[in-house]
Amino acid sequence: MQPYLVFGLSATLGSMGELAGHERRGSLSWPARSAVLGLLGAALGVRRDGDFSALDALLMAVAVFDEGSGLRDYHTVETVPSAVVKQPNSRPEALAQARGRSNTTITLRDYRAGAFYGIAVWGGALEPLRAALHAPCFTLYLGRKSCPLSAPLGANVVTADSPEAALTQIVLPPWRQGARARVLLEAADHGEEVHDLPVDRARWHFAPRHVARRAVDIAPKGGAA
């Protein structure tokens, strides 16, 4: 038996961890490790250039109660060819120097609509994290700033013999009563490869790791958030 911090993530729209290019930014069907660590850091008030060492040491598991449905958004973006403007200091400067010699392109943004996940975290000081999730320093969102959470997290520290058992004690949103998780994702030596280990947060560099999917039947008994 050991302590776990458990909480739920619910959002009307979410976009979570995927290799990001200029023309398309995809989304996993579950929150990547970097997304969860970023959310915890925001709750604590840790800025991007702050000390994440304590958060990086945490272990975690993600239960998928509802991966939602895919939604794609199309953006029209004005770009400036590098042949037109060399090493501008800012985008406004580049556009001003281009003098109309810009291009227009379409970029894609992928989201998950109506998703709900359970998160279990362990291996560190959990009580400060629980308190921060109940009174976060910065606004919390699921992946992007356009994706605010749709319900309180219901964060709590529980004692259990496994992440799966701990997740039976999460607090469900009122409209999710009776929800069950059928998939649990945990770090593993082999499995699906994802790039969600933060290496350089300032430059958005992430290292790969392996994640294993395990079939489960997690039925929380807690009340509404």
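Heavy atoms only: backbone and side chains are in, while hydrogens, waters and symmetry mates are out.
- Remark: N156 CG to Y4 OH distance equals 15.0 Å, nearest 0.5 Å.
- Counting all heavy atoms, side chain and backbone alike, Q169 lies closest to T159 at NE2-O, 3.7 Å.
- A donor-acceptor pair under 3.5 Å is formed between the side chain of R33 and the backbone N or O of D56.
- Follow the hydrophobic side-chain contacts under 4.5 Å out from V158 and you reach L59 in the same cluster.
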Test log, rule side-chain contact (heavy atoms from CB on, under 4.5 Å), inputs R213 and V211: CA-CA 7 Å; R213 296 173 177 262; V211 174; 5.6 Å; no
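- At least one donor-acceptor pair closer than 3.5 Å links the side chain of S15 to the backbone N or O of D110.
- Under the 4.5 Å side-chain heavy-atom criterion for ILVMFWY residues, no single connected hydrophobic cluster contains both L9 and Y111.
- The NE2 atom of H210 sits 9.5 Å away from the CD atom of E192 when rounded to the nearest 0.5 Å.
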What verdict does the side-chain contact (heavy atoms from CB on, under 4.5 Å) test give for K145 and T139, after you've listed the backbone C-alpha separation in whole Å, the side-chain angles of each residue and the deciding distance to 0.1 Å? CA-CA 9 Å; K145 291 183 179 179; T139 301; over 6 Å; no
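- At least one side-chain heavy atom of L55 sits under 4.5 Å from a side-chain heavy atom of L44.
- With contacts defined as side-chain heavy-atom distances shorter than 4.5 Å, the pair L133/L40 qualifies.
- Nearest heavy atoms, V157 versus P3: CG1-CB, 4.1 Å.
- Formation of a donor-acceptor pair under 3.5 Å by the R112 side chain with backbone atoms of E67 is found in this model.
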Show your working on side-chain contact (heavy atoms from CB on, under 4.5 Å) between R176 and F65 and close with a plain yes or no. CA-CA 9 Å; R176 292 287 187 177; F65 285 85; 6.0 Å; no
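- A 6.0 Å sphere centred on CZ of R47 holds no more than 12 heavy atoms belonging to other residues, nucleotides or ligands.
- Here the side chains of D51 and V46 are not in contact, with every heavy-atom distance at 4.5 Å or above.
- When all heavy atoms of P148 and A11 are compared, the pair lying nearest together is O-CB, 3.7 Å.
- Enclosure of atom CG in D189 is not indicated, since only 12 or fewer non-hydrogen atoms of other residues, nucleotides or ligands lie within 6.0 angstrom.
- Residues M16 and L71 fall into different hydrophobic clusters, defined by Ile, Leu, Val, Met, Phe, Trp and Tyr side chains chained together at heavy-atom separations under 4.5 Å.
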Could you go step by step and tell me if R209 and V194 meet the side-chain contact (heavy atoms from CB on, under 4.5 Å) rule? CA-CA 6 Å; R209 70 179 179 119; V194 293; 4.0 Å; yes
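- A continuous path of Ile, Leu, Val, Met, Phe, Trp and Tyr side chains, each step under 4.5 Å between heavy atoms, connects I218 with L172, placing both in one hydrophobic cluster.
- Judged purely by atom type and a 3.5 angstrom limit, S150 uses its side chain to pair as donor or acceptor with the backbone of S10.
- Taken to the nearest 0.5 Å, the CG atom of L39 stands 11.5 Å off from the OG atom of S34.
- Rounding to the nearest 0.5 angstrom, the gap separating the CG atom in L58 from the CZ atom in F52 is 11.5 Å.
- Using a 4.5 Å cut-off between side-chain heavy atoms of Ile, Leu, Val, Met, Phe, Trp and Tyr, with links allowed through other members, M60 and L142 fall into the same hydrophobic cluster.
- Rounded to the nearest 0.5 angstrom, T12 OG1 and L149 CG are separated by 10.0 Å.
- A pairwise comparison of heavy atoms in P163 and A61 identifies CB-CB, 4.0 Å as the closest pair.
- Distance check: L129 CG to F7 CZ gives 8.5 Å after rounding to the nearest 0.5 Å.
- Under the 3.5 Å distance criterion, the side-chain polar atoms of H134 are matched with a main-chain donor or acceptor of A155.
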